[in-house]
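This is a predicted model, so every value here is computed, not measured. Hydrogens, waters and symmetry mates are skipped; everything else that's a heavy atom, side chains included, is used. Reminder, nothing fancy here: chain letters follow the sequence lines and each chain counts from 1.
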Amino acid sequence: MPELPEVETVARSIAPLVGRRIVAAEFRCRRLLRGGDPNRMAAALAGRQIAGIQRFGKFILIHLDRGYLMVHLGMTGRLLLGGPQGKHTHAVLTFDSGSLLYDDSRQFGCIQYSVRVPKRLARLGPEPLEVSFEDFYARTRRRKTKIKALLLNQDFVRGIGNIYADESLFRAGIHPLALAGRLKKERVRRLYHAVQEVLTEAIEAGGSSISDYVDAEGRAGWFQMRHRAYGRTGEPCLTCGTPIRRLLVAQRSSHFCPKCQKR
DNA sequence: ATCGGTACCTGCACGC
DNA sequence: TGCGTGCAGGTACCGA
């Protein structure tokens, strides 16, 4: 579910935890820990104070007074401040008052504790809202892959997922199958600005709630009302009226206007 | 080094 | 009502 705007919204909504101390931690799903031991993690977290919260692409890095807790929401992960626990509540952090729940029906997300900043974060590309155009452009050069696949690659830039890739390509007028390395500089520039525009608007809208995404306070986003391509297969293009088409790129559905978006 | 394909899970909507 | 199919915001890993 969550891409950069959703993760940013979640990260902001758990900001009230900064300064609070973890009284107890419980992990009920081994898969979620990616090899970590539930009891050792719980022991390491008990007594720790939240020092800060940072987002890296789709990852949330919670700084503790000793070590880091890295959270990825996968497709269906949620962080919730309090609220009822369900059959997919896989982790619970208890504070002196209140709690933070991790809920994830598909179990594609992960939570990892480490003393140092996890190495995975160092391999990610730059933040799309901070990268310069020259760097963004340079990263597309000599790439033989399709532009849609490149946008989804977190080592290219971090945080873009299926929705915002489609929305950005639509606004830039670029076909998802266009080869990244062959795009002219001015077309890459349009894409660069489209990515920033779409992500900025989506953050302002609190993200996209397609089926069940909500922030830690249970609030849904409304950027789905602004989608022009994603999920609009068969509906008229808002620019030219041509029906939006869907095809598979990198095994992900891609929605685009066959008339407005050129290869 | 890069690329495409597959695996990992559960839930839901759909047609029969 | 049940059953099979396809689809879903994600990444990691494999072989070519």
Side-chain angles (χ1 to χ4, degrees), chain A residues 1-11 28-36 55-60 70-79 86-90 102-112 118-125 128 138-169 176-182 195 198-199 202-203 205-215 220-227 229-234 246-255:
Chain A
M1 142 211 1
E3 304 180 33
L4 188 154
E6 291 76 31
V7 179
E8 175 66 22
T9 305
V10 169
R28 303 166 184 167
C29 177
R30 288 196 101 90
R31 171 187 307 282
L32 188 68
L33 308 184
R34 293 295 196 314
R55 180 189 56 72
F56 282 81
K58 300 174 195 171
F59 292 84
I60 294 173
M70 186 178 74
V71 181
H72 195 290
L73 302 175
M75 287 280 252
T76 50
R78 292 174 165 191
L79 282 174
K87 71 168 169 173
H88 298 302
T89 303
H90 303 310
Y102 180 82
D103 194 279
D104 188 354
S105 64
R106 289 179 74 182
Q107 304 172 29
F108 285 173
C110 70
I111 300 183
Q112 288 174 297
K119 287 189 285 291
R120 175 70 187 97
L121 298 183
R123 297 202 310 272
L124 295 171
R139 285 167 175 275
T140 65
R141 295 303 89 180
R142 277 182 288 284
R143 292 300 199 122
K144 294 211 160 54
T145 193
K146 292 140 188 145
I147 189 62
K148 167 73 185 268
L150 187 62
L151 286 172
L152 294 177
N153 181 348
Q154 302 299 295
D155 300 338
F156 168 62
V157 291
R158 61 192 195 226
I160 299 173
N162 210 30
I163 294 176
Y164 300 105
D166 282 2
E167 292 301 309
S168 299
L169 289 170
L177 293 177
L179 296 180
R182 298 249 179 97
V195 164
V198 163
L199 293 178
I203 290 170
S208 301
S209 290
I210 302 296
S211 64
D212 58 2
Y213 158 76
V214 291
D215 72 9
W222 47 272
F223 192 71
Q224 68 280 5
M225 314 290 289
R226 295 279 176 278
H227 292 177
Y230 183 85
R232 298 194 64 248
T233 309
R246 170 185 177 276
L247 57 75
L248 280 186
V249 186
Q251 326 301 109
R252 312 294 303 279
S253 13
S254 299
H255 314 75

Counting only side-chain nitrogens and oxygens, does [X] get under 4.0 Å of the OP1 or OP2 atom of [N]?
| X | N | value |
| --- | --- | --- |
| A:R246 | C:dA8 | yes |
| A:T145 | B:dG4 | yes |
| A:T76 | B:dG11 | no |
| A:R252 | C:dG9 | yes |

Closest nucleotide among B:dG11, C:dG10, C:dG9 to the A:F108 side chain:
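The answer is C:dG10, which lies nearest to the side chain.
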Look at the side chain of A:A149 and decide which nucleotide, out of C:dT11, B:dG4, B:dT10, has an atom nearest to it.
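Among C:dT11, B:dG4, B:dT10, the one nearest the side chain of A:A149 is B:dG4.
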Select base, sugar-phosphate, or nothing to describe what A:R142 touches, counting heavy atoms under 4.0 Å on all strands.
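Contact class for A:R142: none.
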Could you provide the dot-bracket string of DNA chain C, using ( ) for intrastrand pairs, [ ] for crossing pairs and | for bases paired to another strand, with Watson-Crick or G-U pairs below 3.5 Å?
.|||||||.|||||||
For the pair A:Q154 (side chain) and A:L152 (backbone), establish whether a donor and an acceptor sit closer than 3.5 Å, ignoring hydrogens and angles.
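Checked: pair present.
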May I ask you to say whether A:K148 pairs ionically with A:D166, meaning some side-chain N is under 4.0 Å from a carboxylate O?
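Counted as a salt bridge, because a side-chain N and a carboxylate O are separated by less than 4.0 Å.
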May I ask you to decide if the ring planes of A:F223 and A:Y164 are parallel, tilted or perpendicular, using 30° and 60° as cut-offs?
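The rings of A:F223 and A:Y164 sit tilted, inter-plane angle from 30° to 60°.
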P atom, C:dG9 versus B:dC3: distance in rounded Å?
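Result for the P pair: 22 Å, nearest Å.
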